[in-house]
Amino acid sequence: MRNIFRNRVLGAALLGLVLVISACGSGEGADTTAAADTTAAPDTTAAPDTTAAPGPVEGTPIKVTSFNFNESTILAEIYAQALEANGYPVERRLNLGSREIVKPALESGEVDLVPEYIGTLLGFLGGTATADSASTWADVVAAFAPTGVAVLDYAPAQDKNAYVVTQETADEFGLSKVSDLQPVAGELVFGGPPECPEREFCLKGLEEVYGLSFADFKPLDVAGPLTIAALEGGEIDVALLFSTQGIIAAKGFVLLDDDQGLNPAENIAPAVRQGVIDEYGAELVDLLNAVTVQITTEDLTELNKRADLDQEDPADLAAEWLATHGT
């Protein structure tokens, strides 16, 4: 969150269309077979052996979705392919859009599983996320459960919002951390997702926590090619990207240190419709948790680099990751 911006405002009309066509821990393991039991922290110390290939599991297809950026698609493919390898019927409804679209689709049963980012999700649900993964996860589990959605164990991997400038801009204004922007923000243009001005971890948070007021805001995509091109081309001076994007190092961009801690814990965790858990039981939860426990920040950074820069297919990358991790 990718705060996870991981959110896009596409409007009520698009939401209606999508629904009609249906088309970014430690402790004890969380028992998510019942939505009410949400107090335990996930066990990320060991993963059960899931290498066996059982026969088909009878039941309703599990509809796996993603937000519309590569990392989310790769993660969704990892979960979808792990389910398929273990005999579960799966339907893909990938690249669905922003959280404004995905959340109601998940709650209504139009989709059943989406890889989430715990800090951004909690903020979206009206809670207050912190840098502590375990407490943020526990709060988001409790916040989502009343709508019939369980948040399963969280991964070691985190992907946070990143405030990025070019090396030239960093040198010109002496920028290494976000607070360095305070005396010069009025001269600079910020670029990010269209919903950025209202988001607590984007412009709203930058103003409230750092006191930043930029000369202008340019609405672009969610840390995608439009934002990257605008930063490279000088159309914007500061961009919202994500901390696991390989493009940051590849382009020589400078990631400004979030020195006042605006961004919370953003561990990956699958959000799963409780009805699917009720249908398939603890075995489904155990499988998904076994996948999640193995996803690291280093994995995400490398996978993103290969998808974004090398143009490798997210499904192929997911299959390779699963083969490597024996899931």
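Values reported hereafter were calculated over all heavy atoms of this structure, with side chains retained and with hydrogens, waters and symmetry mates removed. These numbers were taken from a predicted model, which means no experiment stands behind them.
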Could you give the distance from [atom1] ([X]) to [atom2] ([Y]), rounded to the nearest 0.5 Å?
{"X": "Thr244", "Y": "Leu300", "atom1": "OG1", "atom2": "CG", "value": "5.5 Å"}
{"X": "Phe217", "Y": "Cys202", "atom1": "CZ", "atom2": "SG", "value": "6.0 Å"}
{"X": "Asp153", "Y": "Ile268", "atom1": "CG", "atom2": "CD1", "value": "14.0 Å"}
{"X": "Asp310", "Y": "Leu303", "atom1": "CG", "atom2": "CG", "value": "11.5 Å"}
{"X": "Leu96", "Y": "Ser66", "atom1": "CG", "atom2": "OG", "value": "8.0 Å"}
{"X": "Lys251", "Y": "Leu231", "atom1": "NZ", "atom2": "CG", "value": "10.5 Å"}

We want to know whether Trp137 and Asn267 form a side-chain donor-acceptor pair, criterion being a heavy-atom distance below 3.5 angstrom.
no

Less than 3.5 Å apart, any donor N or O on the side chain of Ser176 or Asp257 sitting next to an acceptor on the other?
no

Looking only at heavy atoms, what is the nearest atom pair of [X] and [Y], with distance?
{"X": "Gly119", "Y": "Pro264", "result": "CA-CG, 3.9 Å"}
{"X": "Val64", "Y": "Ala76", "result": "CG1-O, 3.6 Å"}
{"X": "Ile277", "Y": "Val272", "result": "CG1-CG1, 3.9 Å"}
{"X": "Thr296", "Y": "Ala157", "result": "C-CB, 3.3 Å"}
{"X": "Val254", "Y": "Leu175", "result": "CG1-O, 4.3 Å"}
{"X": "Val178", "Y": "Asp259", "result": "N-OD1, 3.4 Å"}

Given Phe242 and Glu71, is the side-chain contact (heavy atoms from CB on, under 4.5 Å) satisfied, shown in steps?
CA-CA 10 Å; Phe242 300 129; Glu71 180 178 284; 6.0 Å; no

May I ask you to decide if [Y]'s main-chain N or O and [X]'s side chain share a donor-acceptor pair within less than 3.5 Å?
{"X": "Glu116", "Y": "Leu121", "result": "no"}
{"X": "Gln81", "Y": "Leu322", "result": "no"}
{"X": "Gln182", "Y": "Tyr210", "result": "yes"}
{"X": "Ser243", "Y": "Asn161", "result": "no"}
{"X": "Thr292", "Y": "Ala269", "result": "no"}
{"X": "Asp221", "Y": "Leu226", "result": "yes"}
{"X": "Arg99", "Y": "Thr120", "result": "no"}
{"X": "Asp112", "Y": "Lys63", "result": "yes"}
{"X": "Thr147", "Y": "Phe144", "result": "yes"}
{"X": "Asp258", "Y": "Asn263", "result": "yes"}

Please examine the side chains of [Y] and [X], heavy atoms only from C-beta on, and report whether any two atoms are closer than 4.5 Å.
{"X": "Phe67", "Y": "Ile101", "answer": "no"}
{"X": "Phe173", "Y": "Leu188", "answer": "yes"}
{"X": "Ile236", "Y": "Thr227", "answer": "yes"}
{"X": "Asn86", "Y": "Glu283", "answer": "no"}

Report the C-alpha separation of Phe214 and Leu206 in whole Å, then their side-chain angles, then the decisive distance to 0.1 Å, and conclude whether the side-chain contact (heavy atoms from CB on, under 4.5 Å) test is met.
CA-CA 10 Å; Phe214 291 95; Leu206 288 169; 4.3 Å; yes

Partner residues of Glu168 under the salt bridge (charged side-chain N to carboxylate O under 4.0 Å, His left out) criterion, sequence neighbours left out:
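With neighbours one apart ignored, the set is empty.
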
Less than 4.0 angstrom from a charged side-chain N to a carboxylate O is my criterion; do Arg92 and Glu84 meet it?
yes

By side-chain contact (heavy atoms from CB on, under 4.5 Å), Ser135 pairs with (sequence neighbours left out) Thr130, Asp132

Just grab all the ring-ring contact (aromatic ring centres under 6.0 Å, His included) pairs involving residues 273-292, residues at least two apart or on different chains.
Tyr88-Tyr280

